[in-house]
Amino acid sequence: MTERTPSPDDESPLVVEEMREQIEQTREELGLTVEALAAKADVRSRLREQAAGKAAQVRGAAEQAKQLLKEKTPDPVVDRAARTAAQVRNAASRAGERAASGAPGTLPERTGRVAAKAWNHRAPLFGVGAALVVLLVVRRGRRRR
């Protein structure tokens with residue numbers, strides 16, 4: 001079926017309205033096309049969106065791994081790790097107090113700087129501790145076989 005092309009002499013209101021509708025439809029299609037082309041040309045925002053999506057995936061995977069580690073680690077191991085961490089903190093505190101009370105002026109400053117660095121990098125230290133706990137659990141499980 002072919003569309004009827006109106007002649008210039010044909011000025012009935014129906015034909016004029018039909019032409020206006022076609023023009024409006026063409027404008028809408030052109031607008032959508034321009035929007036699609038602009039979105040494709042905006043590489044920076046597309047890369048940002050992809051990076052944000054990947055970052056969310058990584059965070060989700062890390063959270064799942066953390067939950068899995070919590071679920072799979074036996075309670076006695078968790079309790080022992082907590083007790084050991086408390087003992088290490090207490091021993092470090094006592095050593096710091098002893099060093100501060102009987103050491104020359106530079107040693108307490110050095111100890112404070114080392115403690116501050118350790119505190120600032122606590123996440124990797126806890127990660128190493130968690131990895132050690134996982135290693136011990138896996139090793140213990142293999143011995144039981």
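Bear in mind that the values here come from a model prediction, so they are computed numbers and not experimental data. Positions are given from 1, in the same order as the sequence printed here.
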Query raised in the report: Hey, what do you get for CD (Gln25) to CD (Glu29), rounding to the nearest 0.5 Å?
Result: 5.0 Å
Query raised in the report: How many angstroms lie between atom OG1 of Thr26 and atom CD of Glu21, to the nearest 0.5 angstrom?
Result: 11.5 Å
Query raised in the report: Between CZ of Arg89 and OG1 of Thr84, what distance do you get to the nearest 0.5 Å?
Result: 10.5 Å
**Report entry** Value rounded to 0.5 Å, distance of CZ in Arg139 from CZ in Arg142
**Finding:** 10.5 Å
Query raised in the report: Roughly how far apart are Arg59 CZ and Gln64 CD, rounded to 0.5 Å?
Result: 13.5 Å
Query - Side-chain touch Leu32/Glu35, heavy atoms, less than 4.5 angstrom - result: yes
Report summary line: When Leu136, Val133, Leu68 are each screened for side-chain contact (heavy atoms from CB on, under 4.5 Å) with Thr73, the one that passes is Val133
**Report entry** Over 12 non-hydrogen atoms of neighbours within 6.0 angstrom of CZ in Arg80
**Finding:** no
**Report entry** No-hydrogen, no-angle side-chain donor-acceptor test under 3.5 Å, Asp42 and Ser45
**Finding:** yes
